[in-house]
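Inspection log for the structure reproduced underneath, given as structure tokens.
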Amino acid sequence: MIKAVRGTRDLLPPDTDLWNRVDAKVRDVFARYNYHEIRTPIFEDTQLFSRSVGEETDIVSKEMFTWEDKARAQSEKPQSLTLRPENTAGVVRAYIEHGLDKKGTLQKLYYIGPQFRRERPQKGRYRQFYQIGAEIIGPPSAGSESPLRDAEVLEMLATLLDEVGLRDWQLQLNSVGCAEDRARYNQALREALQPVVHLMCTDCQRRTETNPLRVLDCKVPEDQPIIEKLPKISEYLDEPCREHFAAVRSMLDAAGVTYTINDRMVRGLDYYTRTTFEFTHGGLGAQSAVLGGGRYDGLSESLEGPKAPGIGFAIGEDRLVLALQSQGEKPAEKVQAYVAPLGAGMNGHALKLARELRRAGISADIGDETFRLKKSFENAEKAGARFIVIVGENEVAAEQFAVKDLASGQQVQVPRAELTKHLRQN
RNA sequence: GUGGGUGUAGUUCAGUGGUAGAACUCCGGACUGUGGCUCCGGCUGUCGAGGGUUCGAAUCCCUCCACCCACCCCA
């Protein structure tokens, strides 16, 4: 038997009803904040990701689905292509390619779609997973660097999660400063760790060499006293970065968005600058982050584009749905009417009637004239139908249909002309 | 890539060397135009795959595979 490949999965009803509800709500919120949808290709030139996400990150160094396309001409080398592991790089590429900076305004773009990373699957982590993301990007003259953009994005996310129905989420906020700040901080961390690192777990010893920032993320209890004494990134921000972060916080305070500063939160993509954030939720197993994001002031230029600071985020839709389900969210898609043809020659009458209902905006399902009435009732019950409408010879002749409310058990005769009204009002 | 757990009916699972089971689901009937409840009857399996031990393997051994969870890392 051929099965869905590792890390991929089928989304089936009724789960897909919940997914669609999330999609619809998210589009509704984005529209109210004046975002518009962008759709970028599912695969891109491999270099797009190695140059934006970062050659040394886990994503690029070991998690990408990459292959060589055939050369177009004999003189050409085959092109290396990659299934997108995230969507910000693609959006910024499109921004540059279509000269959107020339519009002179802020671009507020959102996307919903699958992303691909070749990781070992576990709860809340799949090789094909879905992200809902948005970016605000534009020339500095349009206000793209303003801390108001950061605050606006965070406020929207708080609203979005509330409206989607997620309870008990937490916003973790940090600033990782600019590239220079991070270089100085990395150096300081290395120096601070040097005398004590041999007391720490083997992971931390490795991290000190490869990526000292990661040490801050360590969860080993014995290491915590050491980690608490390490220098903080906030002490290494230069004046502009410090002011920017303070402005973001004061606007969040003004708007009444609650957050916690987490100066140990480090994010793994190289392009992040200044504000970084995560929204977390308890129902997700080890993957507590429902969404993550941050500012990326230098990304466009690193892709040979114009100066175009930006800020964005990606919601893990798989995780958001998981979190909603963990708090008991159940999609209950029901059909309003079940039309039950009864006896030979009734299928046509049933279809005609169902057509009238459906055209009037009433959801309806149809049985079959070979079903005994008992079976039709059972089917109607299984479908979660509110009403069953019986289409038998008597009914057709009298132009009056037996309509039974399956919840209350009440049954009445309803003239054809009043049928849609009767079914709609309940 | 590493570690742990689990693979038996459509589903959830029991079965630790001797004829593969239960519950639920599904199908039919009791009930010929009235569901949920009840009762009766019925279908369903390469026991994850391959090899080995044994008179005999779902069960013991070896190898592999898949899924789940965790690490790493991230959404």
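Note that the structure is predicted; figures quoted are calculated from it, not measured. Chain A is the first sequence line, chain B the second, and so forth, proteins listed ahead of strands; every chain is numbered from 1.
The residue A289(A) sits close only to the backbone: its heavy atoms come under 4.0 Å of sugar-phosphate atoms, none of a base. Nucleic acid contact for Y126(A): base, since at least one base atom lies under 4.0 Å from a heavy atom of the residue. R207(A) comes within 4.0 angstrom of the backbone, heavy atoms only, and of no base.
Applying the ring pair (Phe, Tyr, Trp, His ring centres under 6.0 Å) rule to Y126(A) yields no partners; only residues at least two apart in sequence or on another chain are considered. The side-chain hydrogen bond (donor to acceptor under 3.5 Å, both in side chains) test applied to T82(A) returns T46(A), T66(A), not counting sequence neighbours. Shown here are the ring pair (Phe, Tyr, Trp, His ring centres under 6.0 Å) partners of Y35(A), two or more places apart in sequence or in another chain: F30(A). With sequence neighbours left out, Y130(A) forms a ring pair (Phe, Tyr, Trp, His ring centres under 6.0 Å) with W19(A). Residues meeting the salt bridge (Lys or Arg N to Asp or Glu O under 4.0 Å) test with R93(A), sequence neighbours left out: E44(A), E97(A). In this structure K108(A) satisfies the salt bridge (Lys or Arg N to Asp or Glu O under 4.0 Å) test together with E152(A), sequence neighbours excluded.
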Using a cut-off of under 3.5 Å, enumerate the N/O to N/O pairs linking the protein to nucleotides 63-66 of chain B.
| residue | atom | partner | partner atom | Å |
| --- | --- | --- | --- | --- |
| A66(B) | O2' | K3(A) | NZ | 3.3 |

Which atoms of nucleotides 1-4 of chain B (N or O only) lie under 3.5 Å from a protein N or O atom, and what are those distances?
| residue | atom | partner | partner atom | Å |
| --- | --- | --- | --- | --- |
| U2(B) | O4 | R120(A) | NH1 | 2.5 |

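Ring pair F65(A)/F116(A) is perpendicular by interplanar angle, where above 60° counts as perpendicular and below 30° as parallel.
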Given protein heavy atoms under 4.0 Å, the one-letter contact record of nucleotides 31-48 of chain B, with B base, S sugar-phosphate only and - none, is simply --BBBB------------
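Comparing the C1' positions of A58(B) and U2(B) gives a spacing of 30 Å, expressed to the nearest Å. Using atom C1' as the reference point in both C27(B) and U44(B), the two lie 11 Å apart (nearest Å).
Using a 4.0 Å cut-off between charged nitrogen and carboxylate oxygen, D28(A) and R32(A) count as a salt-bridge pair. Ionic pairing of E63(A) and R118(A) is not present here: no N-O contact between side-chain nitrogen and carboxylate oxygen is shorter than 4.0 angstrom.
Remark on RNA chain B: of its neighbouring residues G285(A) and R319(A), the 5'-side contact belongs to G285(A), judged by nearest-heavy-atom nucleotide. Comparing K62(A) and G124(A) by the nucleotide of RNA chain B whose heavy atom lies nearest to each, the residue mapping closer to the 5' end is K62(A).
Across all strands shown, C37(B) forms no Watson-Crick or G-U wobble pair with both key distances under 3.5 Å. Remark: A58(B) base-pairs with no nucleotide; criterion is Watson-Crick or G-U wobble with both hydrogen-bond distances under 3.5 Å. Remark: A66(B) base-pairs with U6(B). Criterion, Watson-Crick or G-U wobble with two distances under 3.5 Å.
Q115(A) and N87(A) are linked by a side-chain donor-acceptor pair at a separation below 3.5 angstrom, with hydrogens and angles left out of the test.
As a whole-Å value, the separation of R9(A) CZ from C67(B) P is 13 Å. Nucleotide A75(B) holds its P atom 13 Å from the CZ atom of F313(A), rounded to whole Å.
Interface residues of residues 163-176 of chain A facing RNA chain B, ordered by number: none; criterion, heavy-atom separation under 4.0 Å.
The ring-ring contact (aromatic ring centres under 6.0 Å, His included) contacts involving residues 147-194 of chain A comprise W169(A)-F279(A), Y185(A)-Y236(A), where partners must be two or more places apart or lie in separate chains.
For K123(A), taking side-chain heavy atoms from C-beta onward, the closest of the listed nucleotides C71(B), A75(B), C69(B) is C69(B).
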Evaluation steps, side-chain hydrogen bond (donor to acceptor under 3.5 Å, both in side chains), between N174(A) and T276(A)
CA-CA 5 Å; N174(A) 195 18; T276(A) 58; 4.6 Å; no
For residues 371-378 of chain A, tabulate all N or O donor-acceptor pairs below 3.5 Å that involve a side-chain atom, not counting sequence neighbours.
| residue | atom | partner | partner atom | Å |
| --- | --- | --- | --- | --- |
| K374(A) | NZ | E378(A) | OE2 | 3.3 |

